[in-house]
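Here's the structure, in structure tokens; my notes come after.
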Amino acid sequence: MTREARDAYTKIPCEVCWLGDQRLKAVPFVFDRNGTPFEPINAWVRENLVQWAKKGIRQQGEAPARNFDQKVSRVVSFLNFLDANDRSWDEPTQDYLYLFVSVVEKRERAAETLNALTSAIFDFYWTRQEAGFCDRVIGINDVDQDDYRYPLHVHPSRDPKRSYDNPMTRRGKNRTSRTSITQNAEWEDALERALDSGTALGARDGVLISFILQTGARRLEAASLETSDFEKKVDSTKQEVIINVDTKIYESRDLVIPVEAYREVQDFIRDERPDLVSNPRKDLGFVFCSTDKKNGAALTKSYISRRLKNIYGISPHDGRSTFATNEMIEHYRNGLDMDTAMLLVRERLGHSANDETARTLRQHYLQAKALVQAEEAGSKLDKARKEIAELKAMMADKDRELEELRRLLPVATTTR
């Protein structure tokens, strides 16, 4: 039996006739194991096609499917996971979502991929609930408003433009939880907006944002990257790739790139970058290329700063700072002392050895330590709350059993 036959839900690509004269290709369509169209997802797809078409993102009628198709695939995989655990699609819980993420994480997925996974699932359930496909499945738990506890719960949004914040957001190689100590939240929002644009330019910005966060690269280092740097076929056993880049302090340095980030750049070079270059024969070959002359010329440092600041509200240096703190978190969790952790992070950032650098890295280490300790304290509290809830549920079951025995007792007496 094939995998598709076993799955409760299957996604296939379809061609859709749009507004009579446009053909949208590779539009995702989902049906269940009985061959019945699965309307909660298919309606979700239609709603997003309407929204994106109005924005004119795909002028030639192509489905804005690459990013959204991935979102659909992530949701389908979660629904199949629920089915494999004898739960209906509208019976998710936070615990099952955590279990699902832990299964995916075993494949050594980067934090950005895990963030995209949970964001897609929360978005699906939030919008499906608003559309009436399910009821009281997802929401913000607030005892001041309602005693009801949502099976899937999200956090109140700090941004008035969003309905909620993803409570499972992670960042960096160490997959740490989001925190206000760093710029994780702002960079995650920027990454999501760039990728959701559905354009080659948005893809370039999204990959650049992700690359800085995962490598701690400077503007010059990112701008100097060439497509030839990403022609290696990555061994599945490797976790990192090292390339030589132009830099600020020295003529060049070795930049350590997580495999996931390396593959993201490869995908961008293959799929979206060709749309930014008008004549491949005159392509200058820089990865993050300008769109002015469409000849593959490198972005300037000032352009990168302006672009990230004006369009996404972030600073390249804040990305490096966030990367440094995330690296420190990993080292602290692995039991490294401050001096050793500082040395390792300094090398990853390509910093010179001076007193100012030492002060900065020391601050990153102390921030990391405070964050980890706060998370561990919160985890203990969550565990205690979960144990109390389980105990209450067990007591309720016993009460029901006792009530049933009381109900049957008069019957037994009458029979005698």
Nearest heavy atoms of Ala223 and Phe286, plus distance in Å: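 Taking every non-hydrogen atom into account, O-CD2, 3.5 Å.
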Pairing residues for Thr118 by the side-chain contact (heavy atoms from CB on, under 4.5 Å) criterion, not counting sequence neighbours: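 Applying side-chain contact (heavy atoms from CB on, under 4.5 Å) to Thr118 gives Val101, Phe122, Asn166, Met168.
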Contacts of type side-chain contact (heavy atoms from CB on, under 4.5 Å), residue Ser278, not counting sequence neighbours: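 With sequence neighbours excluded, Ser278 shows a side-chain contact (heavy atoms from CB on, under 4.5 Å) to Lys294, given in chain and number order.
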Cationic N near anionic O, under 4.0 Å, Arg273 to Asp283: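 Salt bridge between Arg273 and Asp283, a charged N being under 4.0 Å from a carboxylate O: yes.
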Charged N-O contact under 4.0 Å between Glu327 and Arg348: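 Salt bridge: yes.
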Expected output: side-chain Arg74 to main-chain Asp69 donor-acceptor under 3.5 Å: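 Checking the backbone N and O of Asp69 against the side chain of Arg74, no donor-acceptor pair under 3.5 Å is found.
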Under 3.5 Å donor-acceptor, Thr300 side chain and Tyr303 backbone: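 Checked: pair present.
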Phe230: partners by ring-ring contact (aromatic ring centres under 6.0 Å, His included), with sequence neighbours left out: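 With neighbours one apart ignored, the set is Tyr262.
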For Phe100, ring-ring contact (aromatic ring centres under 6.0 Å, His included) partners two or more places apart: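 Partners of Phe100 by the ring-ring contact (aromatic ring centres under 6.0 Å, His included) criterion, ordered by chain and then number, come out as Phe78, Phe81.
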Counterpart residues, side chain to side chain donor-acceptor pair (under 3.5 Å), relative to Glu130 (two or more places apart):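 If we apply the side chain to side chain donor-acceptor pair (under 3.5 Å) test to Glu130, skipping adjacent residues, the hits are Trp126.
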Counterpart residues, side chain to side chain donor-acceptor pair (under 3.5 Å), relative to Ser163 (two or more places apart):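 With neighbours one apart ignored, the set is empty.
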Chi angles and distances behind the side chain to side chain donor-acceptor pair (under 3.5 Å) call for Thr127, Glu47: CA-CA 10 Å; Thr127 58; Glu47 291 162 14; 5.3 Å; no
Check: Phe68 ring centre within less than 6.0 Å of Trp44 ring centre: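 Yes - the distance between ring centres of Phe68 and Trp44 falls below the 6.0 Å cut-off.
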